Amino acid sequence: MSIIRAPRGVRDILPEESWKWEYVFAVTRKVAGDFGYREVHLPVFEHTELFSRGVGETTDVVEKEMYTFEDRSGRSLTLRPELSASMVRSYLENRMDKQHQPAKLWSAGPMFRYERPQKGRYRQFWQIDFEAIGSQDPYVDVESIELSLEVFRRLGLSNLEVVVNSVGCPVCRPVHKNALQDFLRPRLDQLCETCQGRFDRNPLRILDCKNPSCRALTDKAPDTISCLCDECSEHFDRVKGGLNRIGASYSIDNRLVRGLDYYTKTAYEVLSGDLGAQNAVCGGGRYDNLAESIGGPHTPGVGFATGVERIILTMEQQGCSFGKTPNIDVFVVFTNPSSKDEAVSVLYGIRRAGIAADMDYTGKSFKAQFKAAGGSGALYACVIGPEEISSGRATIKDLVSGEQETVSRDVLTVFLEARLR
RNA sequence: GUGGGCGUAGCUCAAUUGGUCAGAGCGCUGGACUGUGGCUCCAGAGGUUGGGGGUUCAAUUCCCCUCGCUCACCCCA
């Protein structure tokens, strides 16, 4: 019988990699705080309805990507495919609409989508999500975009492209839809098969088609921006003005159509040139009707999510720093088996002083212990043998310079603390 | 769901037109006058070549099936 492997599309984050994750979270947490966002922890599964109604029945996510199951009492539950719906649900359920507006929240954790895995795409993947709920001020859109850029900036990422669009609202979207259909109807038979299928269901997506012939055909098609109602148009202008004011670089992509139904007005993505086909490192926008679609009062909101795997992939590609590698400071070695017990005492003395320390438990020779000390990345080796035991001292060797000296056991931790500072 | 590429030691890869006990580097373990690592040298462990079937005197190499990985389409983080 062969060993049981992890299911397709999920993976283990091993120590060689996990410290990089810690770094990304630490930096993100700091930026979130700097922008006034506060962290929440949300459940990994929700009522299926939250997503089918919130994200949209006809979206790919809901139609074919959800991990849905029945619990033991027959409720239909779904492993969250994204975080915005849960965030808004939590906002409503916890009556945050009665507090300061907007509520600025962030959260991080695994998301689940049933898709064929490929580079930068997994069935369980991590997102860091930021939402500002309860304000329709265009400057909140600006803040959301700038927040994502600041995160990437502080992580040391470069070569990113920010694309912004406005997808309108329930007033202007139908106008655009009709204009688009009128434009495409005469050329319907020239579109690719999938686009023909999208004509009735979701013609907006035709603009997003990568097929060159469809691209050419839709080149002169009416875009969302040209059909915006006065309110959306003004909002978009003020978002662009705000971005200019703070000196954020971005470009307008009037073909940007996000796959989730809840987006209104502002939609944006941050693209990395160092990923494969899945090049979106961040996606977000405004969703003024999401709260209503899940049964709440009308509540505007803006937010975005970034994919942690994709961030790390891009950082590795660009040779970004992940901070210092987590090594121990001191490795205790004993010269012969009879010194082991005393070495253990020394080890715990060091650890209890808050210094990272370790020793070998596999019965290695003295020489091999030293080898292990070098391999551990420790800065100092602490040698304990008969001589040290009888004199009440310990030999400290600097593993970088090779120099060593003996110090009294009484001052060992003080000595190490001073050296490690 | 569809298509391409790939599955040989822990890792990265070799193995002539199918042909002797499937190799190397790195890593791992041990050692180089027994209380000192990183460099060097020596030795060792580790593979039913993803699994199953077929063709053949002979298969890592050819064919089929299956599982898995990977990249891409769709869509997105």
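Note that the structure is a prediction, hence the values are computed from the model and not measured. Throughout, protein chains are lettered first and strands after them, A, B, ... in sequence-line order, and every chain is numbered starting at 1.
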Practice prompt. Encode nucleotides 30-39 of chain B as B, S and - characters from 5' to 3', where the letter depends on protein heavy atoms closer than 4.0 Å: B to the base, S only to sugar-phosphate, - to neither.
Written response: SS---BBBB-
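Between B:C6 and B:G25, the distance separating the two P atoms is 27 Å to the nearest Å. If you take atom P in B:U49 and the same atom in B:C21, they sit 14 Å apart, rounded to whole Å. Nucleotides B:U36 and B:A32 have their P atoms positioned 10 Å apart, rounded to a whole Å. Across B:G46 and B:C33, the matching P atoms stand 28 Å from one another, rounded to whole Å. B:U17 and B:C13 have their P atoms separated by 22 Å, with the value rounded to a whole Å. Nucleotides B:G47 and B:C11 are separated by 13 Å at their P atoms, to the nearest Å. When the P atom is used for both B:A45 and B:A22, the distance is 15 Å, rounded to whole Å. Distance check on atom P: B:U20 versus B:A15 gives 15 Å, rounded to whole Å.
Taking 4.0 Å as the cut-off between side-chain N and carboxylate O, A:Lys20 and A:Glu17 do not count as a salt-bridged pair. At a threshold of 4.0 Å, the pair A:Asp288-A:Lys265 counts as salt-bridged, since one of the basic side-chain nitrogens sits closer than that to a carboxylate oxygen. Salt bridge A:Glu65/A:Arg123: absent, no basic N to carboxylate O contact under 4.0 Å. Under 4.0 Å is where a charged nitrogen must lie from a carboxylate oxygen, and between A:Glu150 and A:Lys30 no such pair does. A salt bridge is absent between A:Glu403 and A:Lys397: the closest approach of a Lys/Arg side-chain nitrogen to an acidic carboxylate oxygen does not fall below 4.0 angstrom. Salt bridge status for A:Glu146 with A:Arg153: present, with a side-chain N to carboxylate O gap under 4.0 Å. Between A:Arg154 and A:Asp34 there is a salt bridge, with a side-chain nitrogen of the basic residue lying less than 4.0 Å from a carboxylate oxygen of the acidic one.
Between A:Glu82 and A:Ala277, the one whose closest nucleotide on RNA chain B sits nearer the 5' end is A:Ala277. Of the two residues near RNA chain B, A:Arg5 and A:Arg123, the one whose nearest nucleotide lies more 5' is A:Arg5.
For RNA chain B, runs of at least 3 consecutive pairs of the Watson-Crick or G-U wobble type, with both hydrogen-bonding distances under 3.5 angstrom, map to B:1-7 with B:67-73, B:10-13 with B:23-26, B:28-32 with B:40-44, B:50-54 with B:62-66.
The A:Leu260 side chain lies nearest to B:A77 when the options are B:U70, B:C73, B:A77. Side-chain proximity of A:Gln118 to the nucleotides B:A77, B:C73, B:U70 is greatest for B:C73.
For A:Glu65 and B:C73, the CD to C1' distance is 14 Å, given to the nearest whole Å. Protein atom CG of A:Asp360 is 13 Å distant from nucleotide atom P of B:C28, rounded to whole Å. Nucleotide B:C71 holds its P atom 12 Å from the CZ atom of A:Arg8, rounded to whole Å. In this structure, A:Phe152 places its CZ atom 12 Å from P of B:A77, rounding to the nearest Å. As a whole-Å value, the separation of A:Met315 CE from B:A77 P is 21 Å. Atom-to-atom, CZ of A:Arg121 to P of B:A72 comes out at 9 Å; the value is rounded to the nearest Å.
Near-neighbour residues of RNA chain B inside residues 18-56 of chain A, defined by a heavy atom below 4.0 Å, are absent.
No donor-acceptor pair closer than 3.5 Å links the side chain of A:Thr78 to the backbone N or O of A:Arg80. Checking side-chain atoms of A:Asp253 against main-chain N and O of A:Arg255 turns up a donor-acceptor pair under 3.5 Å. Between the side chain of A:Arg409 and the main chain of A:Gly392, no donor-acceptor pair closer than 3.5 Å is present.
Residue A:Glu115 is in base contact, counting any heavy-atom pair closer than 4.0 Å across all strands shown. Within 4.0 Å (heavy atoms only), A:Asn279 reaches at least one base atom of the nucleic acid. Contact annotation for A:Phe331: no contact, since no heavy-atom pair falls under 4.0 Å across all strands.
Under the 30°/60° scheme for interplanar angles, the aromatic rings of A:Phe25 and A:Trp126 are found to be tilted.
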Could you go through nucleotides 3-12 of chain B and list every protein N or O atom that sits under 3.5 Å from one of its N or O atoms, giving the distance for each pair?
from: B:G3; atom 1: O6; to: A:Arg116; atom 2: NH2; distance (Å): 3.4

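Aromatic ring centroids of A:Trp21 and A:Phe322 lie 6.0 Å or more apart.
For residues 167-183 of chain A, the side-chain hydrogen bond (donor to acceptor under 3.5 Å, both in side chains) pairs, not counting sequence neighbours, are A:Asp182-A:Arg185.
Taking the ring axis of A:Tyr348 as reference, the NZ or CZ atom of A:Arg351 stays within 45° of it and closer than 6.0 Å to the ring centre.
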Contacts table for residues 110-122 of chain A: side-chain donor-acceptor under 3.5 angstrom, sequence neighbours left out:
from: A:Arg113; atom 1: NE; to: A:Pro81; atom 2: O; distance (Å): 2.8
from: A:Arg113; atom 1: NH2; to: A:Pro81; atom 2: O; distance (Å): 3.0
from: A:Arg121; atom 1: NH2; to: A:Gln278; atom 2: OE1; distance (Å): 3.2

